[in-house]
Amino acid sequence: MNSFAFALLASTSTVAFAQDAPVVTAKESPAQQVPGAQGRDEEDVQRSSAASDIIVTARRRQEQVQDVPIPISVVGVKELDSTGSFNVSRLAQLQPTLQFYSTNPRNSSVNVRGLGAPLGLTNDGIDQGVGVYIDQVYFSRVAVATLDFLDVQQVETLRGPQGTLYGKNTVAGAISITSKAPSFNFEGRAEVSAGSLAFKQAKASVSGPLGETVAARFGVATTSRRGTVYNVRTGNYVNEQDNIGFRGAILWRASDTLDLTLSADYNRQDPECCAQIYIKYGPTQRAANRQYPALTAAFPATTQTSGTYRVPSTNPFDRLTDLDADLNARNTLGGVSLRGELEVGSGTLTSVTAWRFWDWLPANDRDFTGLRVTTLSQNPTRQDQFTQELRYAGEGNGFDYVVGAFAFYQDIHTTGTQRQGPDASRWLINPSNALSNDPTVLDGLTAANDIRLKNFSGALFGKLNWDVTDQITLSPGVRVNYDDKVGSYVSIVRDSAGNLVPATGGTARQVEQRTALGPQSFQNEAYRAWNVSYDFTASYKPSRDVLVYATYAHTFKSGGLNLNGVPVVNGVAQTQFAQVDPEKVDHFEIGVKSQFWDRKATLNVTGFWTSIKDYQALVNDGQNTTLRGYLANADEVRVRGIEADFSVRPSERISLYVNGAYTDHEYVRFTNAPCPPERSGGSTVGNGLPGVPGQPSPAVCDISGQWLPGISKWAFSFGGEVNQPVNIFGKDGEIYFGADGSYRSKFSSNASRSIYTDIEGYGLANYRLGYRTDDGLNVFAWVRNATDSEYFDVLATTPGNTGLISGNVGDPRTYGVTVGLSF
């Protein structure tokens, strides 16, 4: 751990911050849960309540978080606002075992304990491994994680498999976001922020009655920020933020036993984004004249007055680029849901019906340089999804239970285009071939992709909690799931004159064109399967403030279809690789939840061991120009570790928290992995492509025993807050100072660990100083990444095996002021 991390950890003895598990409830108002809270400000209720009062719905019923035998991190509206955690990326800094990686909204991964989705995965035919739910509606696209939180009450992060109650897409965990409910008391909140990099953010919500039995709520949020990278070619700052979202909800209390809530939301991002910039050059096994230094030296200068091409800076923290292709990341999501809750018998019958859409309109520079190698790269996508869940949560004599059914339908249509430019011939064709000096060979060469998926999933599930004694509870659960996926992939390649490039044969020019952009197609590939998830938890409560539990879970992540293309041999798509087997997960966990010092302190500790067979991972077909990544199954991976969450509130004036995680991780067996860049481009290995005897083998490596990508062995979050009551201009309030920080150790940013793509450990520190009143005014100044740490979010190898390593640099120091008012 670096000195910064130790220094900030030590400082928690004097610097206080709101605890990691803030007190918020799933109800419309904390006043309904906290005695004597009527008429008090929501944030005041949160500050004065004990950790044991936190209400969660992790098991599809309202329970106190310390009574739930699941490791859960809960962040409420106060902490989201005060720490600037307005999306999942920011939230990850508060939770050591939550990871978020994104090179653009479509190519994003949300992982828990390092599991969920492979880094760099963009494949419509595969499910994610961490489920994202907003108001009990499942969001099938991780792109939602890039949006601003909108009028949120609290965020629950459930760690470990949740396959019984949440489904096949939660092998690593689930994120459950609860919006604020319509209120029958008139109330509102407004907040504006301004800061460096032209940061501007505004959030507002209002709620109140429309009649005796009807209440409504409306919220809006908008965020904009200048980009963090300057493009010397266009004179624009890129990788900016430009978000806006709306949400509305109407609650009809139809009777004393029936509530109906109709909700609708619309969210749009439209930034000039997302540029991955030059990080470094790492030599590969290719011939020297086919690597980055020699290739760039073959082109004249573009942004300087003389000499050969070179990037504006080889220091990535100068934050300069010269990308010449259009950049765009227009991301639009929205939908409508109807939730009905009927009290019947000894429990509640809940129905959740929803339709959602996702429109993705990108533009990228996929050669990652200012050269005209790839002049157009985009994969616009339209998705519609429909979900229906029906469940009943009931109670009996000494037991409670949840039973239900779930149905999901998804329709995805992606239409991609990639076009090569006049520099592509020299960049992609072997210099020993005279055609490499003819720019017309690849200039204007265009691949048009049409990708379609129709996906139905249905499930029946049940969970029982049986109180064997007052202290011992046994909790078995089971879920039976059926998947039906039908998809197709068609890639048609034409030259600049519009002529089709044949899949086999042809002229020497056409051979080089096909090598650069290979046509292929497969139609109506289908994946159909039944799977069963089950788990068993035993919990023991020796006293009011201690809970001990142990869990075994067997679950799965659905198999699927490779809808980014598959290897091609002699012009024939190898459709035996079109299907990917499901992941099979065995998970063991033991934990203790405890409170002491009159419930002023909370300590929760969890140990876990997760083994996954047929892990869905990226491999490649070994081409030396445009690597075609596709999914296959690694034999086995293992992740194990220990987590600890500690918070203490010695008085109303001080609160502190420290959370930490140690995670050991490796590919137990993965013999057909893509080679790291330092080993790529050389001779092939193996006797043939699996299942295709006698055909050339892709270059593969055995990476058994190596790290999984994206996982730090050590990760911490820590902070605190201290306040002092004051009376200013006759207004009772308090001055407060808060800090929060995070640290993570080195991790790999490549599917196969490389000497070029390890990201060194780093720490981040954020501070705020403010004044808030009892009647709802809150004014504070803030600084994020106060030490201006230089770090990378993601590093990646680039198409072509040239040795160019690109990536995303983390945010620099930013600062600003926030003014909020609630009533």
Side-chain angles (χ1 to χ4, degrees), residues 80 86-91 100-110 116-117 121-124 126-128 130-152 155 169 174-180 201 203 205 217-224 240-249 262-274 328-339 352-363 378-389 408-415 451 453 455:
L80 294 173
F86 58 84
N87 57 26
V88 172
S89 176
R90 293 286 185 88
L91 182 67
F100 178 74
Y101 306 100
S102 179
T103 54
N104 61 50
R106 185 172 189 253
N107 195 1
S108 299
S109 303
V110 178
L121 173 66
T122 305
N123 197 309
D124 293 333
I126 303 297
D127 292 328
Q128 60 200 54
V130 175
V132 179
Y133 296 78
I134 299 181
D135 297 328
Q136 305 180 40
V137 176
Y138 169 57
F139 284 59
S140 63
R141 304 305 305 193
V142 181
V144 69
T146 67
L147 299 175
D148 291 359
F149 293 141
L150 182 58
D151 205 18
V152 166
V155 180
N169 51 284
I175 298 175
S176 179
I177 301 171
T178 302
S179 303
K180 293 183 180 179
Q201 185 177 74
K203 297 183 286 185
S205 64
R217 187 173 200 97
F218 180 77
V220 60
T222 178
T223 302
S224 65
E240 60 186 8
Q241 294 177 355
D242 182 9
N243 308 341
I244 189 167
F246 305 91
R247 180 183 182 274
L262 179 66
S263 302
D265 65 275
Y266 174 85
N267 298 270
R268 188 228 67 199
Q269 296 175 323
D270 195 16
E272 187 174 1
C273 186
C274 298
N328 189 45
R330 186 177 178 88
N331 183 36
T332 307
L333 296 98
V336 179
S337 69
L338 176 64
R339 184 174 73 251
V352 184
T353 307
W355 163 75
R356 298 208 58 80
F357 73 90
W358 178 50
D359 279 332
W360 168 235
L361 185 62
Q378 58 187 34
N379 285 282
T381 296
R382 168 73 187 199
Q383 175 197 301
D384 289 276
Q385 73 166 58
F386 302 87
T387 55
Q388 173 63 57
E389 183 167 8
F408 168 80
Y409 177 76
Q410 176 180 247
D411 190 339
I412 300 179
H413 186 198
T414 298
T415 53
I451 304 170
L453 174 71
N455 176 16

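Interatomic distance, CZ of Phe139 versus CG of Leu147, reported as 8.5 Å (0.5 Å rounding). The line from CG of Asn87 to CG of Leu150 is 12.5 Å long, rounded to the nearest 0.5 Å. Once rounded to the nearest 0.5 Å, the distance linking CZ of Arg106 with CD of Gln383 reads 10.5 Å.
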Practice task
With side chain to side chain donor-acceptor pair (under 3.5 Å) as the test, would you mind laying out the steps for Gln136 and Ser337 before giving the verdict?
Solution key: CA-CA 10 Å; Gln136 305 180 40; Ser337 69; over 6 Å; no
Practice task
For the pair Thr332 and Asn267, evaluate side chain to side chain donor-acceptor pair (under 3.5 Å) and give the outcome as yes or no after the intermediate values.
Solution key: CA-CA 6 Å; Thr332 307; Asn267 298 270; over 6 Å; no
Practice task
Begin from the C-alpha positions of Ser205 and Asp151 and carry the test side chain to side chain donor-acceptor pair (under 3.5 Å) through to its verdict.
Solution key: CA-CA 7 Å; Ser205 64; Asp151 205 18; 3.3 Å; yes
Problem - Stepwise salt bridge (charged side-chain N to carboxylate O under 4.0 Å, His left out) test for Arg90 and Asp148 - result: CA-CA 10 Å; Arg90 293 286 185 88; Asp148 291 359; over 6 Å; no
Problem - Criterion side chain to side chain donor-acceptor pair (under 3.5 Å) on Thr223 and Asn243, from CA distance to verdict - result: CA-CA 5 Å; Thr223 302; Asn243 308 341; 4.9 Å; no
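When atom types are taken as modelled, the side chain of Ser102 and the backbone of Phe100 share no donor-acceptor pair closer than 3.5 angstrom. In this structure, the side chain of Gln128 engages the main chain of Val130 through a donor-acceptor pair within 3.5 Å.
In summary, the side chains of Thr222 and Gln201 do not present any donor paired with an acceptor at a separation below 3.5 Å, with no hydrogens or angles considered. Side-chain contact, Trp358 with Asn331: a donor N or O sits under 3.5 Å from an acceptor N or O. Donor-acceptor pairing under 3.5 Å is recorded for the side chains of Gln388 and Thr353.
Arg268 and Asp359 are not joined by a salt bridge, as no carboxylate oxygen comes within less than 4.0 angstrom of a charged side-chain nitrogen. Look at Asp135 and Arg247 and you find a salt bridge, because one of the NZ, NE, NH1 or NH2 atoms lies within 4.0 Å of a carboxylate O, short of that distance. Electrostatic pairing of Asp265 and Arg356 counts as a salt bridge here, judged by a charged N lying under 4.0 Å from a carboxylate O.
Here Tyr138 and Tyr133 bring their ring centres to under 6.0 angstrom of each other.
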